[in-house]
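What follows is a set of notes on a single structure, which appears directly below.
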Amino acid sequence: MAQTFNLKVVAPDGQVLNQDVEFVVVPGDDGELGILPNHAPLIAGLTIGVIRYTAEGKVHKIAISGGFLEVVNNKVTVLAQTAETADMIDLERAKAAKERAERRLRERGPEIDVVRAETALKRAIARIKAKEE
Ligand code: ATP
């Protein structure tokens, strides 16, 4: 059997995942970060993107909108601002959020908060990727 480690993903409204996994890739602030069993202790910042993990040979995805990762004693904990497994994601809602953000960025009226629209767009794209790909 493949070596595993425990992966927990927690969002403000509760735990999204608690599972033994073989491999995980997270969207680190400085690029993607791959974690295998027996990884050295680590704390890292996470950005908006998709977590990919392998469990029993199958790849699964979780969309997150930033947070922190801790690796210690073969346990990986992700504390995320928001986190959704593919099952939890409402694709139509994410597509609508993407279109809304794109329209705001295109029109760029004086009342538009560009950074806010850009981060909303990134969250929507992460959700679509976690659901569709
Ligand atoms: P929207 O404009 O559709 O509300 P958002 O990016 O502004 O999207 P967030 O503030 O990131 O939404 O999330 C608010 C809550 O709604 C969180 O609990 C998040 O997990 C959930 N959520 C947001 N979008 C979706 C989605 N497409 N499917 C499922 N849950 C979602």
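These values consider heavy atoms only, across backbone and side chains, with no hydrogens, waters or symmetry-generated copies. First listed ligand is number 1; within each ligand, the first listed atom is number 1.
Other residues sharing a hydrophobic cluster with Leu121 under the 4.5 Å side-chain heavy-atom criterion for ILVMFWY residues are Leu105, Ile112, Val114, Ile125.
Between Glu132 and Lys95 there is a salt bridge, with a side-chain nitrogen of the basic residue lying less than 4.0 Å from a carboxylate oxygen of the acidic one.
Enclosure of atom CD in Glu56 is not indicated, since only 12 or fewer non-hydrogen atoms of other residues, nucleotides or ligands lie within 6.0 angstrom. Under a cut-off of 6.0 angstrom, the local environment of CG in Asp113 is crowded, with over 12 non-hydrogen atoms contributed by other residues, nucleotides or ligands.
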For each nitrogen or oxygen atom of ligand 1, which protein N/O atoms lie closer than 3.5 Å, and how far apart are they, rounded to 0.1 Å?
unit_1	atom_1	unit_2	atom_2	d
ligand 1	2 (O)	Arg100	NH2	2.6
ligand 1	3 (O)	Arg93	NE	2.9
ligand 1	4 (O)	Arg93	NH2	3.0
ligand 1	6 (O)	Arg123	NE	2.6
ligand 1	6 (O)	Arg123	NH2	3.3
ligand 1	6 (O)	Arg127	NH1	2.8
ligand 1	7 (O)	Arg123	NH2	3.2
ligand 1	11 (O)	Arg123	NE	3.2
ligand 1	11 (O)	Arg127	NH2	3.0
ligand 1	16 (O)	Arg93	NH2	3.0
ligand 1	20 (O)	Glu84	OE2	2.5
ligand 1	24 (N)	Arg93	NE	3.4
ligand 1	24 (N)	Arg127	NE	3.4
ligand 1	24 (N)	Arg127	NH1	3.3
ligand 1	27 (N)	Asp90	O	3.0
ligand 1	28 (N)	Asp90	N	2.8

As a quick check of understanding, evaluate side-chain contact (heavy atoms from CB on, under 4.5 Å) for Lys8 and Gln15, giving each step before the final call.
CA-CA 7 Å; Lys8 277 194 186 69; Gln15 186 171 281; 3.9 Å; yes
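Rounding to the nearest 0.5 Å gives a distance of 8.5 Å between CG of Leu69 and CD1 of Ile43.
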